[in-house]
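Accompanying notes for the structure given below.
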Amino acid sequence: MIRYLLGRLAGVVLILFAVCLFTYLIFFQLSPDPAVMICGKTCTEERIGAIREALGLDRPFLSQFGAFLGGIFAGRDYGSGATLVHCPAPCLGYSFQTDESVWSMITARLPVSATLAVGAAVLWLLVGVAAGLLSAVRQGTWWDRGAMALALGGISVPNYVLALVLQYVLVVKLEWLPFPSDVAFSEDPARWFQAYLMPWMVLAAGYACLYARLTRTQVIETLSENFLRTARAKGLGRPLVLCRHALRPALTPVTTLFGMDFAGLLGGALITETVFGLGGIGKLAADSIAKNDQPVIMAVTLLAAFFVVVGNVVVDLVYTALDPRVRIR
């Protein structure tokens, strides 16, 4: 087990290093000159040169990349003399548009994306797994056909279309919910829940439909296994056989998919946050892309990669608890 964890940790480090190198190469070597973007098109060559020197862009690529990596772990300095600015670790640079620390911009918006991800994940797991299990048990009935047809339709509907429909129905017509806004839980828990309920529904809808179909398929395959027949022969009740012996091994592929989906949402739900105007990581990424704010885009990319890689490691560890046939030595 220890050897496995050390091996996976080494793999995480290598993958994140490759992602850092790749993203840095794209954004700072193949993109437009950051110094020109900061200074403007009418800026003089002397001013552009001074900005390049302050940012360290006049140095070789490997030196720049080494300074970027060093800044993440130990911080780094920008400029020299009277213009010296120290960026404390973890330093991801400064925004070209606002001169704000990229790390502080991310940490300020991460709670919104985390709230969206956790709430939507709970919703789609409860609805999707329950619907898939019930369809598998009632295979071939009107419930099974109707639920799977609804699931197929739900997968086909884009998030932004569902978001606009729910806004019109629940906010404008029925006035059941307020328009989503950044409300702190400590200020007003009831309004906080109401503000996030609609984004949770939009995010969870497509995932719940996908998980329902996947759970149904896996449970149907598991129900034909010999150990299920043995459990029934021992006189175990039907609910116990279904939940403990049939559902647990069937959740292995569901867990794999959940790890990727949840980690991706932690990196920002771009469409949902943009449609509802929530100030999360996804909205930050969309605004930065529109303004070509390279340090912010690169930081969001690295953050999303970190969540995905770590999520895969956690999923591998959860396998053992779900399916005893999977052993980590």
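Below, each value reflects all heavy atoms present in this structure, side chains not excepted, and no hydrogens, waters or symmetry copies.
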Do Leu302 and Cys20 pass the side-chain contact (heavy atoms from CB on, under 4.5 Å) test, and can you show the C-alpha distance, the side-chain angles, and the key distance before you say yes or no?
CA-CA 7 Å; Leu302 295 178; Cys20 284; 3.7 Å; yes

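- The side-chain contact (heavy atoms from CB on, under 4.5 Å) check on Ile289 picks up Ile297, with sequence neighbours excluded.
- Among residues two or more places apart in sequence or in another chain, the side-chain contact (heavy atoms from CB on, under 4.5 Å) test is passed with Leu170 by Leu166, Leu174, Trp176, Leu177, Met198, Met201.
- Val165 and Val157 fall within the same hydrophobic cluster, where Ile, Leu, Val, Met, Phe, Trp and Tyr residues are linked whenever their side-chain heavy atoms come under 4.5 Å apart, directly or through other members.
- In this structure, the separation between CD on Gln294 and OG1 on Thr23 is 11.5 Å, given to the nearest 0.5 Å.
- Here the closest heavy-atom approach between residue Val19 and residue Ala305 is recorded as CG1-CB, 3.7 Å.
- Summarising the geometry of Trp200 relative to Thr115, their closest heavy-atom pair is NE1-O, 3.0 Å, with the distance given to 0.1 Å.
- With sequence neighbours left out, Tyr94 forms a side chain to side chain donor-acceptor pair (under 3.5 Å) with no residue at all.
- From Cys91, atom SG reaches atom CG of Leu69 across 12.0 Å, with rounding to the nearest 0.5 Å.
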Residues 125-135, side-chain donor-acceptor partners within the protein, below 3.5 Å, at least two apart:
| unit_1 | atom_1 | unit_2 | atom_2 | d |
| --- | --- | --- | --- | --- |
| Ser135 | OG | Ala131 | O | 3.0 |
| Ser135 | OG | Trp143 | NE1 | 3.4 |

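- Under the 4.5 Å side-chain heavy-atom criterion for grouping Ile, Leu, Val, Met, Phe, Trp and Tyr, Trp124 is not connected to Met148 through any hydrophobic cluster.
- Environment of CZ in Arg191: sparse, with no more than 12 heavy atoms of neighbouring residues, nucleotides or ligands closer than 6.0 Å.
- Side chains of Phe65 and Leu25 form no contact here, defined as non-hydrogen atoms less than 4.5 Å apart.
- Residues meeting the side chain to side chain donor-acceptor pair (under 3.5 Å) test with Asp144, sequence neighbours left out: Arg216.
- Val13 forms part of no hydrophobic cluster, judged by ILVMFWY side-chain heavy-atom separations under 4.5 Å.
- Within a 6.0 Å sphere centred on CZ of Phe306, other residues, nucleotides and ligands contribute 12 heavy atoms or fewer.
- Side-chain atoms of Asp293 come within 3.5 Å of backbone atoms of Phe96 as a donor-acceptor pair (strictly under, hydrogens ignored).
- Under the rule for a salt bridge (Lys or Arg N to Asp or Glu O under 4.0 Å), Asp261 has no partner lying at least two apart in sequence or in another chain.
- To the nearest 0.5 Å, atoms CD1 (Ile271) and CG (Asn159) are separated by 6.0 Å.
- Ring orientation note: the planes of Tyr24 and Phe68 are tilted relative to one another, at an angle of 30° to 60°.
- Side-chain contact check for Leu265 versus Phe307: every heavy-atom pair is 4.5 Å or farther apart.
- Ring orientation note: the planes of Phe179 and Phe276 are tilted relative to one another, at an angle of 30° to 60°.
- For the pair Thr255 (side chain) and Leu251 (backbone), a donor-acceptor distance under 3.5 Å is present.
- Residues Lys291 and Val296 are not in side-chain contact: their nearest non-hydrogen atoms beyond the backbone lie 4.5 Å or more apart.
- For Phe262 and Tyr207, the ring centers sit 6.0 Å or farther from each other.
- Partners of Phe22 according to the ring pair (Phe, Tyr, Trp, His ring centres under 6.0 Å) rule, which considers only residues two or more places apart in sequence or in another chain, do not exist here.
- Applying side chain to side chain contact (heavy atoms under 4.5 Å, CB included) to Leu210 and the options Ile155, Thr215, Leu152 leaves one that passes, Ile155.
- The two residues Leu116 and Pro199 come nearest to each other via the heavy atoms CD2-CB, 3.4 Å.
- Here the CD-OG distance, from Gln97 to Ser288, works out to 8.5 Å after rounding to the nearest 0.5 Å.
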May I have the step-by-step check of side-chain contact (heavy atoms from CB on, under 4.5 Å) for Val202 and Tyr160, ending in yes or no?
CA-CA 8 Å; Val202 171; Tyr160 62 87; over 6 Å; no

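- Hydrophobic clustering of Ile, Leu, Val, Met, Phe, Trp and Tyr side chains at less than 4.5 Å, counting indirect connections, unites Leu257 with Val310.
- A donor-acceptor contact shorter than 3.5 Å is absent between the side chain of Ser95 and the backbone of Glu100.
- Sorted by first and then second residue, the salt bridge (Lys or Arg N to Asp or Glu O under 4.0 Å) pairs with a member in residues 273-285 read Lys283-Asp287; sequence neighbours excluded.
- No chain of hydrophobic side-chain contacts below 4.5 Å, direct or via other Ile, Leu, Val, Met, Phe, Trp or Tyr residues, connects Leu14 to Val314.
- Partners of Pro253 by side-chain contact (heavy atoms from CB on, under 4.5 Å), not counting sequence neighbours, listed by chain and number: Gln218.
- Across all their heavy atoms, Val275 and Ala163 have their closest contact at CG1-CB, 3.7 Å.
- No side-chain heavy atom of Tyr168 sits less than 4.5 Å from a side-chain heavy atom of Leu164.
- At least one side-chain heavy atom of Leu92 sits under 4.5 Å from a side-chain heavy atom of Ile72.
- Phe185 pairs by the ring pair (Phe, Tyr, Trp, His ring centres under 6.0 Å) definition with Trp192, not counting sequence neighbours.
- Transitive grouping of hydrophobic side chains (ILVMFWY, heavy atoms separated by less than 4.5 Å) brings Leu16 and Leu21 into a common cluster.
- Between Ala136 and Ile220, the shortest heavy-atom distance links the atoms CB-CG1, 3.8 Å.
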Solution key, residues 105-112 side-chain donor-acceptor pairs under 3.5 Å, sequence neighbours excluded:
| unit_1 | atom_1 | unit_2 | atom_2 | d |
| --- | --- | --- | --- | --- |
| Thr107 | OG1 | Trp103 | O | 3.0 |
| Thr107 | OG1 | Ser104 | O | 3.1 |
| Arg109 | NH1 | Met105 | O | 3.0 |

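- Residues Ala114 and Leu266 approach most closely at CA-CD2, 3.9 Å, considering heavy atoms.
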